[in-house]
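Below is one structure, written out as C-alpha cells; comments come after it.
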Amino acid sequence: MKLIIINGPNLNLLGKREPEVYGNKTFEDYFADLQFRFKDVQLEYFQSNIEGELIGKIQEVGFSYEGIILNAAAYTHTSVGIGDAIKAVSTPVVEVHISNTHKREEFRHVSYISPVAKGVILGFGLQSYDLAIQSFLP
Ligand code: DQA
C-alpha cells in the first residue's frame, strides 16, 4: 500500500509554530514515528509552501498511489485549484487538520477540499494523520 502525506504552507514550521495550537513536535520526528509504526505501508512525505507545487504533486501521484493524506493548511480555505486537482485524479484524498478548524476563526470553517475528499479528520493533533492512515488500511 502506497500512501503519501502532503502538507501545505507553514507546516514545515511544526514544533516552532504556535505550539499551543500545533504542538511541540517537528513533522520530521513525527513522520519517522509513523514509518516505524506503519511498517507495512509505503509512506511518503511531501511539503510545500507553494500552491502550484502541491497541485503538481497531487497530479504526479494521483493515478498510481492508493491514497493521499492532505493537510492543505491555509490553502484549504482558499484554493479552487487544489480542489480541482483532487477532482481530476483517481486516488482518494483524505483531508486532515491538526486543529479543530471549526472551533477557530470563521474563515477556517470553509474548505475547498472537503466537498471532493473521501473523508475529513480534524482536531486530534498530529494523531489526525494516524487516523487518516488507518482509514486506508483493510
Ligand atoms: C491547519 C488549519 C489551517 O486553518 C491553518 O491555516 C493551518 C493548519 C491545521 O492542520 O490545523 O496552517 O490546516
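Order of listing sets the numbers, starting from 1, for every ligand and every atom in it. The first residue in the sequence is number 1, and the count goes up from there.
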To the nearest 0.5 Å, what is the distance between [atom1] on [X] and [atom2] on [Y]?
X	Y	atom1	atom2	result
Ile5	Leu70	CD1	CG	11.0 Å
Ile82	Glu95	CD1	CD	10.5 Å
Leu3	Tyr45	CG	OH	15.5 Å
Arg104	Leu122	CZ	CG	11.0 Å

query = Is there any ring-ring contact (aromatic ring centres under 6.0 Å, His included) pair reaching into residues 52-79, and which pairs are they, with sequence neighbours excluded?
reply = none
Ligand 1 atoms in contact with [X] (distance to a heavy atom under 4.0 Å):
X	answer
Ala74	6 (O), 12 (O)
His77	3 (C), 4 (O)
Arg17	7 (C), 12 (O)

To which protein heavy atom is [atom] closest, and what is the distance rounded to 0.1 Å?
atom	result
atom 11 (O) of ligand 1	Ser99 OG, 2.6 Å
atom 1 (C) of ligand 1	His97 ND1, 3.7 Å
atom 5 (C) of ligand 1	Arg108 NH1, 3.3 Å
atom 9 (C) of ligand 1	Ile98 N, 3.3 Å
atom 8 (C) of ligand 1	Tyr22 OH, 3.4 Å
atom 2 (C) of ligand 1	Thr101 CG2, 3.7 Å

key: Glu106, CD atom: more than 12 neighbouring heavy atoms under 6.0 Å   = no
query = Please, which pairs that meet salt bridge (Lys or Arg N to Asp or Glu O under 4.0 Å) have at least one residue in residues 40-54, sequence neighbours excluded?
reply = none
inquiry  = Is Asn71 close enough to touch ligand 1? Criterion: a residue heavy atom under 4.0 Å from a ligand atom.
reply    = yes
inquiry  = Is the terminal nitrogen or CZ of Lys39 (NZ for Lys, CZ for Arg) located under 6.0 angstrom from the six-membered ring centre of Phe36 and within 45° of that ring's axis?
reply    = yes
ask   = Can you check whether Leu11 has an N/O within less than 3.5 Å of an N/O in ligand 1?
value = no
